[in-house]
**Student:** 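Got a structure here, written out as C-alpha cells. Questions coming.
Each chain gets a letter, A, B and so on, in the order its sequence line appears, and its residues count up from 1. When reading the values below, keep in mind they use all heavy atoms of this one structure, side chains included, and skip hydrogens, waters and symmetry mates.
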Amino acid sequence: MAADGDPLAELTASVRAAAAAVRGGVGEPSAQPRLERSRHQAQGDYSTNAAMLLAPVLGVGPREIAERLGAEIEGLLGEDLDHAEIAGPGFLNLVMTDGWHRRALATVLAAGDQFGAGGAKVCERTVIEFVSANPTGPLVAASGRHAAYGDALARILEHHGHSVWREYYFNDAGNQIRLLGASVQARARGAALPAGGYQGEYVVGLASEIDGSATVDVDVVAARAVELLLAQIKATLVRYGVRFDRFFSERTLREGSPSDLEQALALVEGRGHVYRSEGATWLRTTTFGDDKDRVLVRSNGEPTYLAADVAYLQDKRERGFERQLMPVGSDHHAYVRELKATIAALGGDPETLEAPLIQFVHLVEGGQAAAMSKRLGSFVTLDDLLDEIGVDATRYFMLQRSHDRTLDLDVELARKKSRENPVYYVQYAHARIASMLRRLPDERVAAAVAPDGDWGEAELQVWERDLVKKLAAFPGELAEAAERRAPHRIAGYALELAQVFTSFYENCRVRGAEPETLESQRIALSLATGRTIALALGLLGVSAPDSM
RNA sequence: GCCCCCGUAGCUCAGCUGGAUAGAGCGGUGGCCUUCUAAGCCACGGGUCGCAGGUUCGAGUCCUGCCGGGGGCGCCA
C-alpha cells in the first residue's frame with residue numbers, strides 16, 4: 001500500500017494507469033479520471049468515470065471503453081479486486097475483496113497520527129493572518145468564527161504538508177484608537193461620549209481600571225486601554241485554543257526614521273504608482289484592476305489604513321512567504337481588491353493572496369438574533385459564548401458550516417449535552433471506543449493492531465466494510481479541506497465517521513467476538529476509528545474525551 | 001445604480017469544481033435496552049434544487065437574464 005498512508009492512493013493510481021493504457025497515447029482527456037465512493041451498495045465499493053472521459057477522445061462508446069478498462073484494471077489489481085462491472089452511461093464499478101479492506105485497515109493503523117498527512121504536492125511557506133480585530137473592545141462572537149476558521153485551516157494545512165505561520169495584525173494607532181481613548185476619558189469624567197464613541201460597558205471598566213484616566217493625556221489613556229484590551233483578547237484566544245506566532249502592531253510600522261511605512265510608500269512611488277491630487281497622496285490601484293484610486297496620505301498629512309497595509313504587505317513579502325491567506329469578513333471583502341492591487345504595485349503576484357470570505361454569525365435563541373456592534377455596545381462577547389456553551393461546542397458549531405455562508409448558531413442546541421448536538425455525538429463515539437478498549441488488557445489491543453496481527457478470513461460484514469471505506473476516505477477529505485480552504489468538510493467527515501462507527505458498534509460485537517481473530521479485527525477497526533475521530537476533531541481544535 | 005456572497009426536505013445545512021435513484025442533522029411517525037456508554041440503533045414519511053432560457057451524451061453544479069435575502073461601494077478601519 002502507498003507509503004503516504006493513503007489506502008486509496010494505489011487504487012487511484014491503478015485506475016489512472018488503466019485509463020492511460022486504454023487511451024494508448026491517443027488524444028488527451030478533458031480531466032483526470034476520478035475514483036469515487038459509490039453512493040449505493042448496488043454500485044460496488046468504488047467507481048470511476050474514466051470511460052466517459054475517454055469516449056470523446058477515442059471516438060468510441062463509453063460502455064465499450066469501460067469494458068476494455070475493466071480488463072486492464074482486473075490485471076492491475078489482481079486479488080484486491082473481486083470484480084468490475086459496467087453500469088449506467090459508462091461507469092465502471094469496482095467491488096473490492098475482503099482482503100483489500102483488511103489491507104486498507106492495516107494502512108490506516110500503520111500511519112498512526114500521521115494518517116492523511118503530507119498530501120500536498122509541494123510545501124508552501126504560508127502566512128495566515130486572521131482575526132486581526134482591533135483592540136478597541138473584547139472579541140465578539142463573530143470573531144470566534146474567524147478565530148476557529150483560521151486556526152482550523154492552519155492545522156489542516158500543516159497536516160496536509162504546508163508550513164504555516166499564524167499572524168494577528170492589529171491597529172494600535174489612528175482615529176479609532178484616539179476615539180477609544182476619548183471614550184474612556186469621557187466615562188472617567190462622567191462626560192458625554194464623543195460622537196461615534198465606544199458605548200460598551202467595558203469602556204466604563206477601563207475608565208476605573210486606568211490610573212488617572214480622567215486627568216492624564218488622552219493619548220496615554222488610549223495606549224493603556226489598548227494594552228489592557230489586547231491582553232484580554234490574547235487571554236480569550238488562549239482559552240479558545242487559538243495560537244498565534246506573532247501579534248503584529250501597526251504602530252511599529254510607523255516608528256523609526258525612515259519608518260517601514262515611509263519606505264514602503266517610497267517603494268511604490270519609485271515604481272511610478274503614486275501621484276498627488278487635491279492635497280492628498282494617491283495609489284494608482286486602477287492600474288491593477290481596482291475601480292478607483294485610493295488615498296495613501298490624507299490632505300492633513302495623516303497616512304490611511306491602506307498606507308499601513310502597503311508597509312505590512314511589503315513586510316510579509318520580504319519575509320518570503322509564498323502564499324498569503326487572509327480570511328476577511330464580508331464587511332471588509334471589497335477591501336481585498338485594494339490589497340491585491342497593492343501587492344501588484346509592490347511588484348508582487350496578487351494571486352498569492354487569498355482572502356476567503358467569512359460571513360456573519362447570528363446567534364439564535366428562540367428565533368432572536370443578538371446584534372454584535374462594538375460601537376453600539378450591544379454585543380455578545382466570545383467569552384460570553386464560551387461561558388455559555390464551552391470551547392468545544394463553540395468551535396464545532398463555528399466550523400460546521402461553509403465559511404462563506406451566514407451562520408445561524410443555535411445557542412440552545414449547542415448547550416445541550418444530548419444526541420441532538422452533533423459535537424456531543426462525535427465526542428460520544430470517541431468516548432465509547434475508549435471506554436470499550438479500556439476494558440481489554442493493553443497486550444490484547446497491542447496484539448490486535450500489530451503489523452503481524454492475524455485478523456482471520458471471515459467474510460466481512462457490511463458494517464465493517466463501510467467503516468473501512470469511511471476511514472480510507474480521510475486522506476482525500478483532508479486534501480479537499482486543505483485545497484479548498486474548507487474546514488467544515490472535516491466537521492462533516494467527523495460526524496459521518498461517528499455515524500458509521502456507531503452503526504457498526506450496534507451491529508458488530510467487538511469484545512468477545514468469535515473467533516479471536518475476528519475480535520482482533522474489530523479491535524483494530526475500533527482503535528483506528530477512535531484515532532481518526534481524535535485526529536479530525538484535533539484539526540478543528542475540538543477535544544476528544546476518553547469518557548463522558 | 002455598480003460589485004461580492006447566498007436561495008437545495010417543515011428548520012439548520014452538505015453536495016467532493018459536469019455524472020447514476022440529490023444527502024445529513026434536528027423536528028415528525030413507528031419499532032428496539034438481561035450483552036462492550038440508550039448521550040444509542042433501525043425503519044418510514046418528507047424535494048418543481050428560487051424562476052426562465054442556454055451550453056452537451058449528461059446540469060443542484062457551468063453561461064445569460066430575472067426574482068428574493070445579506071454585505072460592500074469614505075481622505076473610517
**Student:** Given B:A77, B:U21, B:C13, identify the nucleotide with an atom nearest to the side chain of A:Asn134.
**Tutor:**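 Shortest atom-to-atom distance from the side chain points to B:A77.
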**Student:** Select one nucleotide: of B:G25, B:A20, B:U21, the one nearest the side-chain heavy atoms of A:Gln499.
**Tutor:**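 Selected nucleotide: B:G25.
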**Student:** For B:C33, decide between syn and anti, treating a glycosidic angle within 90° of 0 as syn.
**Tutor:**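 Syn for B:C33; the angle stays within 90° of 0.
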**Student:** Identify whether any heavy atom of A:Glu278 sits under 4.0 Å from a base atom; if not, whether one sits that close to sugar-phosphate; answer base, sugar-phosphate or nothing.
**Tutor:** base
**Student:** May I have the distance from A:Arg39 (atom CZ) to B:A22 (atom P), rounded to whole angstrom?
**Tutor:**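 Distance, rounded to whole Å: 8 Å.
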**Student:** Side chain of A:Thr304 only, heavy atoms from C-beta on: which candidate in B:A20, B:C5, B:A77 is closest?
**Tutor:**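 Nearest to the side chain of A:Thr304 among the choices is B:A77.
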**Student:** At less than 4.0 Å, is any side-chain N or O atom of A:Arg405 found next to OP1 or OP2 of B:U12? Yes or no.
**Tutor:** no
**Student:** Need one value for A:Thr502: base, sugar-phosphate or nothing, where a base atom within 4.0 Å counts as base even if backbone is also close, heavy atoms only.
**Tutor:** sugar-phosphate
**Student:** Under 4.0 angstrom, heavy atoms only, what part of the nucleic acid is A:Ser38 near: base, sugar-phosphate, or nothing?
**Tutor:** nothing
**Student:** Distance check needed: B:C42 C1' versus A:Asn507 CG, whole Å only.
**Tutor:**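 One finds 8 Å between C1' of B:C42 and CG of A:Asn507, rounded.
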**Student:** Does B:A77 have OP1 or OP2 sitting under 4.0 Å from an N or O in the side chain of A:Arg298?
**Tutor:** yes
**Student:** Hunt down the Watson-Crick or G-U wobble partner of B:G27, both distances under 3.5 Å, from any strand shown, or write none.
**Tutor:**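 Its partner: none found.
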**Student:** Have a look at A:Ser299 and say if it touches a base, only the backbone sugar-phosphate, or nothing, with a 4.0 Å heavy-atom cut-off.
**Tutor:** base
**Student:** May I ask you to verify if any side-chain N or O of A:Arg63 is less than 4.0 angstrom from the OP1 or OP2 atom of B:C57?
**Tutor:** no
**Student:** Hey, is the side chain of A:His403 poking within less than 4.0 Å of OP1 or OP2 on B:C13, counting only N and O atoms?
**Tutor:**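 Indeed not, no polar side-chain atom of A:His403 lies that close.
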**Student:** When you compare the side chain of A:Glu167 with that of A:Phe247, does any pair of heavy atoms fall below 4.5 Å?
**Tutor:**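 Not touching, per the 4.5 Å side-chain cut-off.
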**Student:** If each of A:Trp282 and A:His488 is mapped to the nucleotide of RNA chain B with the nearest heavy atom, which maps nearer the 5' terminus, i.e. the 5' end?
**Tutor:** A:His488
**Student:** Would you mind classifying the nucleic acid contact of A:Arg37 as base, sugar-phosphate or nothing, using non-hydrogen atoms under 4.0 angstrom?
**Tutor:** nothing
**Student:** Using purine N1 to pyrimidine N3 plus N6-O4 or O6-N4 for Watson-Crick, or N1-O2 and O6-N3 for G-U wobble, each under 3.5 Å, what pairs with B:A77?
**Tutor:** none
**Student:** Taking CD1 from A:Ile523 and C1' from B:C36, how many angstroms apart are they, rounded to a whole number?
**Tutor:**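 Value for this atom pair: 11 Å.
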**Student:** With stacking defined as ring centroids separated by under 5.5 Å and planes differing by under 30°, is A:Tyr305 stacked against B:C76?
**Tutor:**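 No, A:Tyr305 does not stack on the base of B:C76.
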**Student:** Please determine whether any donor N or O and acceptor N or O are separated by less than 3.5 Å between the side chain of A:Ser47 and the base of B:A20.
**Tutor:**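 Pair found.
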**Student:** How close or far is atom P of B:C76 from atom CZ of A:Arg178, stated in whole angstroms?
**Tutor:**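 My rounded result for the distance is 11 Å.
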**Student:** Hey, does A:Tyr396 have a side-chain heavy atom less than 4.5 Å from the side chain of A:Asn421?
**Tutor:**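 Result no, sub-4.5 Å side-chain heavy-atom pair not found.
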**Student:** Under 4.0 Å: is that the gap between some side-chain N or O of A:Arg34 and OP1 or OP2 of B:U17?
**Tutor:**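 Answer is yes, contact under 4.0 Å.
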**Student:** Might you confirm whether atom CD of A:Glu483 has over 12 heavy atoms from other residues, nucleotides or ligands at distances under 6.0 Å?
**Tutor:**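 Atom CD in A:Glu483 is packed in, count exceeds 12.
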**Student:** Is the phosphate of B:U12 approached by A:Gln400 (side-chain N or O, under 4.0 Å from OP1 or OP2)?
**Tutor:** no
**Student:** Using the closest heavy atom to pick a nucleotide of RNA chain B for each, name whichever of A:Gly512 or A:Leu407 lands nearer the 5' end.
**Tutor:** A:Leu407
**Student:** Counting any heavy atom closer than 4.0 Å, what does A:Ala431 reach on the DNA or RNA strands: base, sugar-phosphate only, or nothing?
**Tutor:**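 Since a base atom lies under 4.0 Å of A:Ala431, the category is base.
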**Student:** Under 3.5 Å, is there an N or O donor on one side and an acceptor on the other linking the side chain of A:Asn93 and the base of B:A20?
**Tutor:**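 Such a pair is found, so the answer is yes.
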**Student:** With rounding to whole Å, what would you report as the distance between B:A59 and B:G15 at their C1' atoms?
**Tutor:** 14 Å
**Student:** To check you understand the geometry: which heavy-atom pair defines the closest contact between A:Gly150 and A:Phe130, and what is its length?
**Tutor:** CA-CD1, 3.5 Å
**Student:** For atom CD of A:Glu302, decide whether the heavy atoms of other residues, nucleotides or ligands shown that lie under 6.0 angstrom number more than 12.
**Tutor:** yes
**Student:** Pick the C1' atom in B:A22 and in B:U37, then give their distance to the nearest Å.
**Tutor:** 35 Å
**Student:** When both hydrogen-bonding distances must be under 3.5 Å and the geometry is Watson-Crick or G-U wobble, what is B:C62 paired with, if anything?
**Tutor:**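 Paired with B:C62, as far as the under-3.5 Å criterion goes, is B:G54.
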**Student:** Within less than 4.0 Å of OP1 or OP2 of B:A77, is there a side-chain N or O belonging to A:Asn175?
**Tutor:**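 Checking A:Asn175 against B:A77: at least one side-chain N or O falls below 4.0 Å of OP1 or OP2.
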**Student:** Phosphate oxygens OP1/OP2 of B:C42: is one of them under 4.0 Å from a side-chain N or O of A:Ser503?
**Tutor:** yes
**Student:** Say you pick atom P in B:G58 and the same atom in B:A14; how far apart are they, in whole Å?
**Tutor:** 29 Å
**Student:** Could you please name the partner base of B:G46, counting Watson-Crick and G-U wobble pairs only when both distances are under 3.5 Å?
**Tutor:**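 Answer to the pairing question: none, since B:G46 forms no Watson-Crick or G-U pair.
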**Student:** Can you tell me how far apart OH (A:Tyr275) and CZ (A:Arg284) are? Round to the nearest 0.5 Å.
**Tutor:** 6.0 Å
**Student:** For B:A77 and B:G72, measure between their C1' atoms and round to the nearest Å.
**Tutor:**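 Rounded to whole Å, the distance is 14 Å.
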**Student:** How many whole angstroms separate atom CD of A:Gln43 from atom C1' of B:A20?
**Tutor:**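 Whole-Å distance recorded here is 5 Å.
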**Student:** Which nucleotide in the list B:U37, B:A20, B:U12 gets nearest to the side chain of A:Asp408?
**Tutor:** B:U12
**Student:** Can you measure A:Ile65 atom CD1 to B:C57 atom C1' for me and round it to whole angstrom units?
**Tutor:**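 So the CD1-C1' distance, A:Ile65 to B:C57, works out to 12 Å.
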**Student:** For B:C6, take OP1 and OP2 only and decide whether either is under 4.0 Å from a side-chain N or O of A:His333.
**Tutor:** no
**Student:** Do A:Gln359 and A:Ser330 get their side chains close enough for a donor-acceptor pair, meaning under 3.5 Å?
**Tutor:**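 Yes, a side-chain donor-acceptor pair sits under 3.5 Å.
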**Student:** Base, sugar-phosphate alone, or nothing: which one does A:Phe360 contact when heavy atoms must sit under 4.0 Å apart?
**Tutor:** sugar-phosphate
**Student:** Specify the separation, in whole Å, of atom CG of A:Leu283 and atom P of B:C75.
**Tutor:**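 Going from A:Leu283 (CG) to B:C75 (P), I get 14 Å.
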**Student:** Check the pair A:Phe248 / A:Tyr168 against ring pair (Phe, Tyr, Trp, His ring centres under 6.0 Å), numbers first and verdict last.
**Tutor:** CA-CA 6 Å; A:Phe248 196 109; A:Tyr168 186 121; over 10 Å; no
**Student:** Pick one for B:U17: is it syn, with its angle within 90° of 0, or anti?
**Tutor:** syn
**Student:** If you check every side-chain atom of A:Val295, which of B:A77, B:C75, B:U37 has the closest atom?
**Tutor:**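 It is B:C75.
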**Student:** Any donor-acceptor pair under 3.5 Å joining the side chain of A:Arg511 to the base of B:U35?
**Tutor:** no
**Student:** Using the P atom as the point on both nucleotides, what is the distance between B:G10 and B:G70, in whole Å?
**Tutor:** 22 Å
**Student:** What's the gap between B:A52 and B:C13 when it is taken at their C1' atoms, as a whole Å value?
**Tutor:**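 That atom pair is separated by 27 Å.
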**Student:** Would you call the rings of A:Tyr335 and A:Tyr305 parallel, tilted or perpendicular, where under 30° means parallel and over 60° means perpendicular?
**Tutor:** tilted
**Student:** Taking atom P of B:C36 as reference, at what distance in whole Å does atom CD of A:Glu514 sit?
**Tutor:**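 Interatomic distance, CD of A:Glu514 to P of B:C36: 17 Å.
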**Student:** Heavy atoms from C-beta onward define the side chain here; which of B:G15, B:C36, B:U17 lies closest to that of A:Glu480?
**Tutor:**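 The closest nucleotide is B:U17.
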**Student:** Classify the side-chain pair A:Gln176/A:Asn134 by whether it contains a donor and acceptor separated by less than 3.5 Å.
**Tutor:** no
**Student:** Say we look at B:C66 and B:A9: how far apart would their C1' atoms be, to the nearest angstrom?
**Tutor:**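 It comes out at 26 Å once rounded to the nearest Å.
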**Student:** Below 4.0 angstrom from OP1 or OP2 of B:C41, is there any side-chain N or O of A:Tyr425?
**Tutor:**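 Affirmative; the distance criterion is met.
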**Student:** I want to check one thing: is the phosphate of B:C2, taken as OP1 and OP2, less than 4.0 Å away from some side-chain N or O of A:Lys292?
**Tutor:**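 It does not, given that no N or O in the side chain of A:Lys292 lies less than 4.0 Å from OP1 or OP2 of B:C2.
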**Student:** With C1' as the reference atom in both, quote the distance from B:C26 to B:G45 in angstrom, rounded to an integer.
**Tutor:**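 My reading of the C1' atoms in B:C26 and B:G45 gives 15 Å.
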